[in-house]
Novice: 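Can you read through this structure? Questions will come right after.
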Amino acid sequence: MKHLFLLIWLLFLTACAGTHTPIKHRTHVTLPVSHGYDAYHLVKTVKIPGTYYFTPVALTRRFAAFGYVSKIKPTPQEVAQEKARIRRIIEGSIKREYGSMEGWEKENEKVAREAAGAMKKETPAWVQSILPPSLVQEAMPLLLKGALLYAMHSGEPTEPYGNLGETGIVLVGSDGDVHKIKLGLDEEVVSLEFSPDGSRLAAMTDLSYEDKAGRYHAVARITLVDTGTYRVKRQWIFANAVDEVKFTPDGKVLTFLMHNPKEWSEKAIRFIDLGSGRVMKKSLLFHCGDSTGDYYGMKRRAPCYVFAPNFNTLITREGGKLGFYDVRTLRRRFVTKGVGTFIAFAHHSPYLFELGGRNGRLIDYAKGAVLRKFEDPIRFGFVSAAFTPDDRKLVVSDHVRKIFIFDAESGRKMAETRFPARDGAALFDLSDDGRWIVAPHPVSNRFARYEGAIKREKCDLKIIDARFLKTVQYIPLPVNQTVVAFGTMGENLFFSDFDTIYLYKEGERR
């Protein structure tokens, strides 16, 4: 019976997708807006020769930051320069942490002696050994990662692969100003975050590689950028670092995620004092499995940890539960059971909405109390959520692109989309003023192919009125392009396709 219901629902979605007018790929198609507002208008497009696939994205009031890669093959001279630069970064890190190379070697000898008793120690050896001696010896194999990925790849890729060439960040200002910052070669950007005041940007790039025996070694470079001068302030390279870099809410400490090379789900959060640039002794250990989803051509990875914006709380995703910790002491305050895949924070209160499986839960993370549970009325499971600016309502989407509006206090359903294929979304972003739901719009039976190397399900962008849950604007992309990353901040809407970054702004009252 369940499968029959699913089949009927999918046929219904297909029918809805065929009833609305096809989108032309030349001009913006704006539907009538009954309440006297435009949605968004184009301000600037950014194309930079030799750069493409702009993801991930991070936003602040002044900027959007996008990672980029390039298909330019590095010359032998560039490889030699990059090898020398990596060695300088490593040696600088070692000098800051241990005083000298001799001090580093002595510390590693000590760690080796203690490895046998690691299980009895509060901090295991794998957490301590963030700068192993093999990293300097194997600097050259770091540059072979692209070729290894290419050799292992099969079928039609949905991500860039092979020799990625130059990699780095593009900063696009809300005024349209553009700055390109090179970070390395063949090391894609995997995590970006602005400091709370927007004055600094942290980027993690992936230097992981396989050795001659086929063993995988996770290595990451963390770069700190001054957004006032557009200069790199400091860099670190760490073994076993993966996927995530974040600032603490006060902006004084930079954190990053590590994994145990012998047990991938065992994670640790490490802390860097930005005043001294030194790695702090404290760490937080927990278990977190990787979770990545593909939602109608858009990809999203569930973070293993997040910081609550204003309430001194660190939250970890720990395989079926959420752990809540004091940011300063790392003392666990409490734990709640649940899937805990994604989290949306309230703006004014210590509340969060947890999405996982078929249900969602409203949690007071100051008191450690689950206030109420929410169920997807059609039982397909929630995907995204956002609080309205006054925190009174929750905007929630599910796996079949239904959008629901719930009263946050009572849990009562207030509205839902009537035609998901036209007016719905799985992944979305709610504008800061709560007026617009910005979401990818899958184009039925269409794929975007970029230079014959990447094939992804085609998504344009659409703007949905958050009060009436009706689409008011389509933003179509060229035939062989698709939305890769997007986000809103203030009056700005930024998004990217394979080779272009777009800046839109909210319209004025007519």
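Worth saying up front: this structure is predicted, and the values here are computed from it rather than measured.
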Novice: Please work out whether the ring planes of Phe382 and Phe404 are parallel, tilted or perpendicular, with thresholds of 30° and 60°.
Specialist: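 Taking Phe404 first and then Phe382, their aromatic rings stand perpendicular (interplane angle over 60°).
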Novice: In a check of side-chain contact (heavy atoms from CB on, under 4.5 Å) between Ile437 and each of Leu469, Asp429, Asp465, which one passes?
Specialist: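 Result: among Leu469, Asp429, Asp465, Leu469 is the only option passing the side-chain contact (heavy atoms from CB on, under 4.5 Å) with Ile437.
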Novice: Looking at Arg467, is its backbone amide N or carbonyl O close enough to the side chain of Lys470 to form a donor-acceptor pair, meaning the two atoms are under 3.5 Å apart?
Specialist: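 Answer holds: no.
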Novice: Between Thr488 and Asn492, is there a donor-acceptor pair closer than 3.5 Å when you use the side chain of the first and the backbone of the second?
Specialist: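 Here the side-chain-to-backbone pair does not exist.
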Novice: Less than 4.0 angstrom from a charged side-chain N to a carboxylate O is my criterion; do Asp250 and Lys252 meet it?
Specialist: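 Result for this pair is no, no salt bridge flagged.
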Novice: Is the shortest side-chain heavy-atom distance between Asp391 and Tyr351 below 4.5 Å?
Specialist: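 No, every pair of side-chain atoms sits at 4.5 Å or beyond.
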Novice: Taking all non-hydrogen atoms of both residues into account, name the closest pair between Ser283 and Phe271 and its distance.
Specialist: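 Distance-wise, the nearest heavy atoms are CA-CE1, 4.2 Å.
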Novice: Not counting sequence neighbours, which residues clear side chain to side chain donor-acceptor pair (under 3.5 Å) with Arg456? List them please.
Specialist: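 Once residues adjacent in sequence are excluded, the partners of Arg456 under the side chain to side chain donor-acceptor pair (under 3.5 Å) criterion are Tyr53.
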Novice: State, yes or no, whether a side-chain contact exists between Val396 and Ile403 at a heavy-atom distance under 4.5 Å.
Specialist: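 With C-beta onward as the side chain, the pair stays apart.
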Novice: Tell me if a side-chain donor or acceptor on Thr329 pairs with a main-chain N or O of Arg331 at a distance below 3.5 Å.
Specialist: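 Checking the backbone N and O of Arg331 against the side chain of Thr329, a donor-acceptor pair under 3.5 Å is found.
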Novice: Going by atom types only, do Asp497 and Tyr502 share a side-chain donor-acceptor pair under 3.5 Å?
Specialist: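 Yes - a donor-acceptor pair under 3.5 Å links their side chains.
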Novice: Could you state the interatomic distance from NZ (Lys402) to CZ (Phe419), rounded to the nearest 0.5 Å?
Specialist: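 Spacing of NZ (Lys402) from CZ (Phe419) equals 9.5 Å.
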Novice: Once you round to the nearest 0.5 Å, how far does OG of Ser265 lie from NE2 of His259?
Specialist: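 Reported value, rounded in 0.5 Å steps: 11.0 Å.
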Novice: Any sub-3.5 Å donor-acceptor pair from Tyr296's side-chain atoms to His399's backbone N or O?
Specialist: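 Yes, Tyr296 side chain to His399 backbone: donor-acceptor pair under 3.5 Å.
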Novice: Assess whether a salt bridge exists between Glu409 and Lys393, defined as any Lys/Arg side-chain N lying under 4.0 Å from an Asp/Glu carboxylate O.
Specialist: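 Looking at Lys393 together with Glu409, the answer is no, because their closest N to O distance does not fall below 4.0 Å.
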Novice: If you count the non-hydrogen atoms of other residues, nucleotides and ligands that lie under 6.0 Å from CZ in Arg372, is the total more than 12?
Specialist: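 Yes, enclosed.
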Novice: Are Glu354 and Arg361 within salt-bridge range, i.e. N to O under 4.0 Å?
Specialist: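 Looking at Glu354 and Arg361, the cut-off is met.
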Novice: If we ignore hydrogens and angles and just use 3.5 Å, is the side chain of Trp236 paired with the main-chain N or O of Gly277 as donor and acceptor?
Specialist: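 Side chain of Trp236 to backbone of Gly277, a donor-acceptor pair under 3.5 Å: yes, one is there.
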Novice: Report the C-alpha distance between Lys413 and Glu375 in whole Å, list the side-chain angles of each, state the deciding distance to 0.1 Å, and finish with yes or no for salt bridge (Lys or Arg N to Asp or Glu O under 4.0 Å).
Specialist: CA-CA 10 Å; Lys413 184 184 73 174; Glu375 289 189 4; over 6 Å; no
Novice: Begin from the C-alpha positions of Val190 and Thr205 and carry the test side chain to side chain contact (heavy atoms under 4.5 Å, CB included) through to its verdict.
Specialist: CA-CA 6 Å; Val190 294; Thr205 52; over 6 Å; no
Novice: Quick one: do Tyr504 and Phe494 satisfy ring-ring contact (aromatic ring centres under 6.0 Å, His included)? Show the steps, please.
Specialist: CA-CA 6 Å; Tyr504 278 69; Phe494 292 92; over 10 Å; no
Novice: What side chain to side chain donor-acceptor pair (under 3.5 Å) pairs are there with at least one residue in residues 304-314, not counting sequence neighbours?
Specialist: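 As it turns out, the side chain to side chain donor-acceptor pair (under 3.5 Å) pairs with a partner in residues 304-314, which skip direct neighbours, are Thr255-Tyr305, Asn312-Asp326, Thr313-Arg333.
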Novice: Has Lys373 got more than 12 heavy atoms of other residues, nucleotides or ligands less than 6.0 Å from its NZ?
Specialist: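 Check fails, neighbour count at 12 or below.
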Novice: For Cys459, run the side-chain contact (heavy atoms from CB on, under 4.5 Å) check against Val484, Thr482, Leu427 and tell me which one passes.
Specialist: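 Single side-chain contact (heavy atoms from CB on, under 4.5 Å) partner of Cys459 among Val484, Thr482, Leu427: Thr482.
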Novice: Atom CD1 of Ile169 and atom OH of Tyr68: how far apart are they, to the nearest 0.5 Å?
Specialist: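 Reported value, rounded in 0.5 Å steps: 8.5 Å.
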Novice: Would you mind reporting whether Val370 and Leu362 have side-chain heavy atoms less than 4.5 Å apart?
Specialist: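 Counting from C-beta outward, Leu362 and Val370 never come under 4.5 Å.
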Novice: Please determine whether the number of non-hydrogen atoms from other residues, nucleotides or ligands lying under 6.0 Å from atom CZ of Arg332 exceeds 12.
Specialist: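 Result for CZ/Arg332: enclosed.
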Novice: Between Ser397 (side chain) and Arg401 (backbone), is there a donor-acceptor pair under 3.5 Å?
Specialist: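 Checking the backbone N and O of Arg401 against the side chain of Ser397, no donor-acceptor pair under 3.5 Å is found.
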Novice: Search all heavy atoms of Phe307 against all heavy atoms of Pro249 and return the closest pair with its distance.
Specialist: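 Looking at all heavy atoms of both residues, the shortest contact is CD2-CD, 3.7 Å.
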Novice: So, taking the atom named CD in Gln235 and the one named OG1 in Thr223, what distance separates them when rounded to the nearest 0.5 Å?
Specialist: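 Here the rounded value is 3.5 Å.
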Novice: Out of curiosity, Leu284 CG to Leu257 CG, how far, rounded to the nearest 0.5 Å?
Specialist: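 Separation between the atoms: 10.0 Å.
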Novice: Kindly give the heavy-atom pair with the smallest separation between Phe194 and Ala65, and that separation in Å.
Specialist: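 Shortest heavy-atom contact: CZ-CB, 3.7 Å.
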Novice: Looking at Arg221 and Glu187, is any side-chain nitrogen of the basic one under 4.0 Å from a carboxylate oxygen of the acidic one?
Specialist: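 Yes, charged N to carboxylate O under 4.0 Å.
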Novice: Does any part of the side chain of Leu493, heavy atoms only, come nearer than 4.5 Å to the side chain of Ile475, both counted from C-beta?
Specialist: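 Side-chain contact under 4.5 Å: yes.
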Novice: Would Arg61 and Asp432 count as a salt bridge (Lys or Arg N to Asp or Glu O under 4.0 Å) if you check the C-alpha gap in whole Å, the side-chain angles of each, and the deciding distance to 0.1 Å?
Specialist: CA-CA 11 Å; Arg61 290 285 175 180; Asp432 285 358; 3.4 Å; yes
Novice: Restricting to non-hydrogen atoms, name the atom on Gly251 and the atom on Leu274 that form the minimum distance, rounded to 0.1 Å.
Specialist: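 In terms of heavy atoms, the two residues are closest at O-CD1, 3.6 Å.
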Novice: Specify the closest pair of heavy atoms between Ala425 and Phe428, including all atoms of both residues, with the distance to one decimal.
Specialist: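 So the two residues come closest at CB-CB, 4.3 Å.
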Novice: Given Phe353, which partner from the list Phe387, Tyr365, Phe374 fulfils the ring pair (Phe, Tyr, Trp, His ring centres under 6.0 Å) test?
Specialist: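 Testing each of Phe387, Tyr365, Phe374 against Phe353, the sole residue satisfying ring pair (Phe, Tyr, Trp, His ring centres under 6.0 Å) is Phe374.
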Novice: Hey, mind stepping through Val57 and Leu192 against side chain to side chain contact (heavy atoms under 4.5 Å, CB included) and telling me if it holds?
Specialist: CA-CA 7 Å; Val57 62; Leu192 285 171; over 6 Å; no
Novice: So which pairs with a foot in residues 300-311 pass salt bridge (Lys or Arg N to Asp or Glu O under 4.0 Å), sequence neighbours left out?
Specialist: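 Only Asp243-Arg301, Glu244-Arg301, Asp290-Arg301 qualify under salt bridge (Lys or Arg N to Asp or Glu O under 4.0 Å).
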Novice: Keeping Lys462 on the side-chain end and Arg422 on the backbone end, is there a donor-acceptor pair under 3.5 Å?
Specialist: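 A pair under 3.5 Å: yes.
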Novice: Is any side-chain heavy atom of Ile463 closer than 4.5 Å to a side-chain heavy atom of Thr471?
Specialist: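 Ile463 does not reach Thr471 side chain to side chain.
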Novice: Just wondering, do Val335 and Leu322 contact through their side chains at under 4.5 Å, heavy atoms?
Specialist: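 Leu322 vs Val335: side chains apart.
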Novice: Got a second to check how far His441's NE2 is from Ile464's CD1, nearest 0.5 Å?
Specialist: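 Output value for this atom pair is 9.5 Å.
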Novice: Looking at every heavy atom in both Thr417 and Gly424, which two are closest together, and how far apart are they?
Specialist: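 Here Thr417 and Gly424 meet closest at CG2-CA, 4.3 Å.
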Novice: Does Ser496 reach the main-chain N or O of Ile501 with its side chain, forming a donor-acceptor pair under 3.5 Å?
Specialist: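 Here the side-chain-to-backbone pair does not exist.
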Novice: Can you tell me which residue among Glu266, Glu263, Lys267, Glu318 is in a side-chain hydrogen bond (donor to acceptor under 3.5 Å, both in side chains) with His287?
Specialist: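 With His287 as partner, side-chain hydrogen bond (donor to acceptor under 3.5 Å, both in side chains) holds for just one option, Glu263.
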Novice: Whether the side chain of Arg200 engages the backbone of Thr227 through a donor-acceptor N/O pair (distance < 3.5 Å, no angle test) should be reported.
Specialist: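 No; judged by distance alone, with no hydrogens or angles, the pair does not exist.
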Novice: Just wondering, do Phe238 and Val279 contact through their side chains at under 4.5 Å, heavy atoms?
Specialist: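 Touching, per the 4.5 Å side-chain cut-off.
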Novice: Output yes when Lys458 and Asp460 qualify as a salt bridge under the 4.0 Å nitrogen-oxygen rule, no when they do not.
Specialist: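 Asp460 and Lys458: salt-bridged.
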Novice: For the side chain of Arg270 and the backbone of Met280, is there at least one donor-acceptor N/O pair under 3.5 Å apart?
Specialist: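 It does hold such a pair.
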Novice: Answer yes or no: is there a side-chain heavy-atom contact under 4.5 Å between Val242 and Phe256?
Specialist: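 Answer no - side chains too far apart.
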Novice: Any salt bridge linking Lys299 with Asp294? Criterion: basic side-chain nitrogen under 4.0 Å from a carboxylate oxygen.
Specialist: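 Judged by the 4.0 Å cut-off on N to carboxylate O distance, Lys299 and Asp294 do form a salt bridge.
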